S.K.: 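First the structure, then my questions, so here it is.
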Protein chains: 2
Amino acid sequence: MTAPARIDRRQRRRLETIEEIVDVAVEVMTEHGVGGLSLGEVARRMGMRTPSLYVYFDSKNAVYDAVFARGWRSAYETTGALHLDVEGTVRRPAQLEPYLLLVSRTFVRWTIENPAHAQLMMWRPVPGYEPSADAFAAAVDALEAARSMFVRLRDLDLLRSDVALDEMVQTWTVITTGVMTRQLANAPQESFDEGRVTATLPALVAMFVAHYRHSGSPTKGKK
Amino acid sequence: MTAPARIDRRQRRRLETIEEIVDVAVEVMTEHGVGGLSLGEVARRMGMRTPSLYVYFDSKNAVYDAVFARGWRSAYETTGALHLDVEGTVRRPAQLEPYLLLVSRTFVRWTIENPAHAQLMMWRPVPGYEPSADAFAAAVDALEAARSMFVRLRDLDLLRSDVALDEMVQTWTVITTGVMTRQLANAPQESFDEGRVTATLPALVAMFVAHYRHSGSPTKGKK
DNA sequence: GTCTATATGACGATAGAC
DNA sequence: GTCTATCGTCATATAGAC
């Protein structure tokens with residue numbers, strides 16, 4: 001039975017080529033902007049001709065789709081790791097604010113360090129491209145992870161239970177997306193650590209925590 | 001002296017044509033996405049040939065630049081009107097939170113109703129385009145207006161004076177930009193009034209006010 | 001001054017030879 | 001699987017008609 005093995009080897013090679021195409025595409029997007037992706041440039045860097053890429057991807061948008069899905073999976077893995085400890089059991093944060101600050105910093109840092117992925121994921125920079133159902137599922141998974149984080153924090157009595165979870169998830173994503181957007185749009189050359197926008201994360205998380213923490217009544221609260 | 005009059009008429013016609021080109025360009029950007037602007041499409045809709053547009057604009061990026069500058073001027077006029085009363089004297093808001101909610105709602109509403117302008121202004125959707133010094137000045141004016149609003153509110157003892165103004169301006173723009181970004185990226189077809197993201201503005205402004213208002217000590221405040 | 005005709009080079013994409 | 005050849009479209013540039 002050598003036939004299956006040969007097929008496996010072929011498929012492995014094919015997958016490696018696909019991975020390399022995506023890598024080079026991200027490289028080009030990082031240099032020339034997300035909308036500046038050119039299949040000709042990708043082929044040139046890989047030592048091929050443009051039409052050869054069509055063996056692996058049906059269209060330019062299919063390449064964008066792979067970057068989109070890969071981005072959400074990577075962000076999910078990076079940020080989601082904070083929600084679980086090594087054994088995989090649910091983590092019990094001692095204090096709410098330091099925990100949420102760590103989560104937001106981890107996510108925003110990922111977006112600043114992966115600007116091509118992040119812009120494709122958070123903005124709509126490419127006319128005509130919309131994520132496929134498969135790619136969108138990766139985004140939904142990541143949002144669901146954030147949502148279940150808030151469920152967990154609420155069950156631990158760290159967050160108010162009189163506010164709709166949707167509102168917390170929405171305001172949370174507005175804050176993280178807002179920081180990422182202003183940092184990448186206004187000063188894309190600044191790193192996460194030296195960013196003047198990323199530096200406001202502690203203040204923004206403090207506002208969020210004051211508003212939604214369980215203990216006190218944050219605003220207009222009838223004490 | 002008929003010559004100057006004829007020149008005036010010509011210049012007026014020229015300015016009208018320029019305005020029309022920008023109008024049609026915004027129309028195309030709204031339909032096909034900001035990066036989907038095609039000078040050929042603009043010329044087609046105006047009943048001209050593409051090269052004729054180059055009489056009025058040096059390049060495609062010059063058209064983007066006009067849209068960028070026009071957008072910031074329009075946003076400035078729309079939002080800045082709230083800061084002054086009819087006579088032009090400084091307005092004295094009775095309550096901080098309703099006032100800031102009105103300002104943020106007015107600004108974000110403008111971005112949702114002018115998505116092409118807003119995306120060009122707040123994101124970086126067009127590879128190779130960077131605003132010229134002139135166009136950038138319009139953006140600086142608008143940001144300065146926001147900053148002076150906070151100066152005024154602080155002088156009126158409505159905002160804390162122990163926090164750097166820069167931080168307030170930064171967190172404020174993060175919130176407004178974040179709402180605009182998530183609404184336009186995730187549900188661009190929803191109007192401002194029916195938007196599920198824009199609906200979180202009251203909660204976000206409440207957080208902001210609780211954190212920065214003068215009276216109480218919002219978080220970790222030593223009472 | 002205003003527009004058209006024409007040309008160039010890059011792009012995404014397809015067809016077909018090897 | 002990779003190539004050459006080709007198509008249509010795009011931004012852009014130049015030359016010249018009116």
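Per chain, numbering begins at 1; letters A, B, ... match sequence-line order. Not measured: the values here are computed from a predicted model.
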S.K.: Going 5' to 3' along DNA chain C, between which two nucleotides do contacts with chain B fall, using a heavy-atom cut-off of 4.0 Å?
M.R.: C/dT2 to C/dT6
S.K.: Which pair of non-hydrogen atoms, one from A/Y64 and one from A/V34, has the smallest distance, and what is that distance?
M.R.: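 Looking at all heavy atoms of both residues, the closest pair is OH-O, 2.7 Å.
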S.K.: State plainly whether the residues B/D166 and B/R147 are in salt-bridge range, i.e. N to O under 4.0 Å.
M.R.: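 So B/D166 pairs with B/R147 through a salt bridge.
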S.K.: Please tell me if the side chains of A/Y212 and A/L100 come closer than 4.5 Å, counting only heavy atoms from C-beta onward.
M.R.: no
S.K.: Considering residues at least two apart in sequence or located in another chain, which fulfil the ring pair (Phe, Tyr, Trp, His ring centres under 6.0 Å) criterion with B/F150?
M.R.: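 Here the qualifying residues are B/W172, B/F208.
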S.K.: What's B/R13 touching, base or sugar-phosphate or nothing? Going by heavy atoms closer than 4.0 Å.
M.R.: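 Answer is nothing: B/R13 stays at 4.0 Å or more from every strand.
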S.K.: Relative to the ring of A/W72, is the ring of A/F68 parallel (under 30°), tilted (30 to 60°) or perpendicular (over 60°)?
M.R.: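 Perpendicular, since the angle between the ring planes exceeds 60°.
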S.K.: For A/E16, is there an ion pair with A/R13 - N to carboxylate O distance below 4.0 angstrom?
M.R.: no
S.K.: Verify the neighbour count for atom OH of A/Y76: are there more than 12 heavy atoms of other residues, nucleotides or ligands below 6.0 Å?
M.R.: no
S.K.: Under the salt bridge (charged side-chain N to carboxylate O under 4.0 Å, His left out) rule, what pairs show up with a residue in residues 122-137 of chain B, not counting sequence neighbours?
M.R.: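 Output for this query is empty, none listed.
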S.K.: Are any of the side-chain nitrogens in A/R45 or A/E31 under 4.0 Å away from the carboxylate oxygens of its partner?
M.R.: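 Salt bridge between A/R45 and A/E31, a charged N being under 4.0 Å from a carboxylate O: yes.
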S.K.: Which pairs pass salt bridge (charged side-chain N to carboxylate O under 4.0 Å, His left out) with one or both residues in residues 49-76 of chain A, sequence neighbours excluded?
M.R.: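 Of all non-adjacent pairs touching residues 49-76 of chain A, those that pass salt bridge (charged side-chain N to carboxylate O under 4.0 Å, His left out) are A/E19-A/R70, A/D23-A/R70.
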S.K.: Can you pull out the residues from residues 50-61 of chain B that lie within a 4.0 Å heavy-atom distance of DNA chain C?
M.R.: B/P51, B/S52, B/V55, B/Y56
S.K.: In residues 28-47 of chain A, which residues come under 4.0 Å of DNA chain C by heavy atom?
M.R.: A/L37, A/S38, A/L39, A/G40, A/R44
